[in-house]
Amino acid sequence: MELEAAMTGNTALVSTMYANNETGTIFPVEQVGAIVKEYGATFHVDAVQVAGKLPLNMKSSTIDMMTISGHKLHAPKGVGALYVRKGFRFRPFLVGGHQERGRRAGTENVTSIVGLGKAAELAQAYLADIPQEKKLRDRLEKGLLNSIPDCSVNGDPKNRLPNTTNIGFKYIEGEAILLSLDQFGICASSGSACTSGSLEPSHVLRAMGLPYTTLHGSIRFSLSRYTTEAEVDQVLAVMPDIVSRLRAMSPFNSDEAEWLQDRQKALVP
């Protein structure tokens, strides 16, 4: 494992995602944590994508610190939470007041904090409905793969979040797909919100070694407990025509796209 090779006696902190925000792939967090503990380092996990989608048992976890964000589980935007393992101490970044038990100074946003607390309570209650969410995701995914040629799922098809699918549509631009979907009131994304507005292909998908022909046409669909069968059916109804129309206008056919991909590889030192 690359992590173990990178660890030394001087390693102070290891921070990793619990699940990727673009593909939904779930990482072996506890396996990573076991390695981190062997070296006596602090283990932080970004669980923003996981909260409300997977059960989290912190009592048996190797995690020292974990962050979540409210808007990912239907709480107000701009509020989050930091889990700190009992007995673990750290030096605060913002000092002055004694708010947050001395861990973060500044006036607390009580309304949003209450909202996050209630959202977490509801998310716990709705965990039993996650299989239905996964069922709708799989229906959407299967329908797109069966009705549109030259498309494929990006990421681990089994070990991933139940609400996320990332599909690459060859020979077209993801931004053009998004604009077309928007005309039908359908929201999707060509990457994470952190990179919205960028025309560069996803660094996540590039790191996965996806071919050029798929990189630019990859779209992430995210579902929630509020997603309905009718909404999934609407996507399935409009996507084939959208992809067909965009491919008809594309400057690349399959042969040209493959040539460009080989040319790109040849230019890499």
Side-chain angles (χ1 to χ4, degrees), residues 19-26 49 131-193 195-196 198-224 226-262 264-265:
N20 185 264
N21 54 332
E22 294 190 31
T23 65
T25 298
I26 300 171
Q49 300 297 323
Q132 174 63 19
E133 201 169 310
K134 179 181 181 298
K135 182 179 178 181
L136 284 177
R137 189 275 313 274
D138 292 345
R139 178 180 174 181
L140 171 64
E141 189 174 270
K142 183 178 180 180
L144 291 174
L145 295 178
N146 288 340
S147 62
I148 302 173
D150 290 321
C151 66
S152 57
V153 176
N154 300 323
D156 190 329
K158 295 182 179 180
N159 191 37
R160 56 176 170 161
L161 296 174
N163 74 313
T164 305
T165 181
N166 190 303
I167 300 179
F169 301 91
K170 286 187 175 182
Y171 319 129
I172 52 179
E173 290 285 342
E175 291 299 321
I177 298 176
L178 297 182
L179 288 172
S180 298
L181 286 173
D182 184 62
Q183 294 176 355
F184 295 94
I186 299 170
C187 297
S189 63
S190 58
S192 68
T195 57
S196 61
S198 172
L199 295 179
E200 290 297 315
S202 161
H203 68 281
V204 172
L205 302 183
R206 289 204 308 267
M208 290 167 55
L210 261 64
Y212 176 87
T213 50
T214 302
L215 267 178
H216 285 270
S218 290
I219 297 297
R220 179 187 68 175
F221 294 95
S222 300
L223 287 71
S224 79
Y226 298 110
T227 303
T228 65
E229 289 188 11
E231 290 170 334
V232 169
D233 289 342
Q234 184 187 16
V235 176
L236 294 177
V238 302
M239 273 296 289
D241 288 341
I242 288 174
V243 173
S244 178
R245 175 173 55 83
L246 293 176
R247 283 178 176 166
M249 297 187 294
S250 174
F252 303 115
N253 58 37
S254 59
D255 293 334
E256 290 169 332
E258 295 295 343
W259 175 87
L260 182 58
Q261 179 181 322
D262 292 339
Q264 186 183 45
K265 290 180 180 178

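Everything numeric in this text was worked out from a predicted model, so none of it was measured.
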Answer yes or no: is there a side-chain heavy-atom contact under 4.5 Å between Leu178 and Ile186?
no
Mind listing the closest non-hydrogen atom pair of Ala19 and Gly24 along with its distance?
CB-O, 4.2 Å
Any non-hydrogen side-chain atom of Val232 less than 4.5 Å from a side-chain atom of Arg137?
no
Just how far is it from atom CD1 of Ile26 to atom CG of Asp156, taken to the nearest 0.5 Å?
8.5 Å
What's the spacing between Leu145 CG and Ile167 CD1 if we round to 0.5 Å?
5.0 Å
Heavy-atom side-chain contact between Lys170 and Thr213 under 4.5 Å:
yes
Does one side chain, of Arg245 or Ser180, offer a donor that lies under 3.5 Å from an acceptor on the other?
yes
Atom pair CG (Leu223) and CD (Gln132), whose distance is rounded to the nearest 0.5 Å
10.5 Å
Donor + acceptor pair across side chains of Ser190, Glu175 (<3.5 Å):
yes
Side-chain contact, heavy-atom cut-off 4.5 Å: Glu133 with Thr227?
no
Starting at CD1 of Ile172, measure out to CD1 of Ile219 and round the result to the nearest 0.5 Å.
8.0 Å
Heavy-atom side-chain contact between Tyr171 and Val243 under 4.5 Å:
no
Inspect the contact between Asp138 and Lys134 and indicate whether a charged nitrogen and a carboxylate oxygen are less than 4.0 angstrom apart.
yes
Are the side chains of Leu236 and Leu140 in contact, using a 4.5 Å heavy-atom criterion?
yes
Looking at residues at least two apart in the chain, or sitting in another chain, which of them share a salt bridge (Lys or Arg N to Asp or Glu O under 4.0 Å) with Arg160?
Glu141
By salt bridge (Lys or Arg N to Asp or Glu O under 4.0 Å), which residues pair with Glu231, not counting sequence neighbours?
none
Is Leu205 close to Met208 at the side-chain level, that is, under 4.5 Å between some pair of heavy atoms?
yes
Distance, nearest 0.5 Å, that separates CE of Met239 from SG of Cys151:
8.0 Å
Is the backbone N or O of Glu22 less than 3.5 Å from a side-chain atom of Asn166, with the two atoms forming a donor-acceptor pair by type?
yes
In the structure I gave you, are the side-chain heavy atoms of Thr164 and Arg220 within less than 4.5 Å of one another anywhere?
yes
Could you give the distance from CG (Leu181) to CZ (Phe221), rounded to the nearest 0.5 Å?
5.5 Å
Ignoring hydrogens and angles, state whether a donor on the side chain of Ser218 or Asn154 is under 3.5 Å from an acceptor on the partner side chain.
yes
Test item: Arg247 side-chain N/O and Ile242 main-chain N/O as donor-acceptor pair under 3.5 Å
no
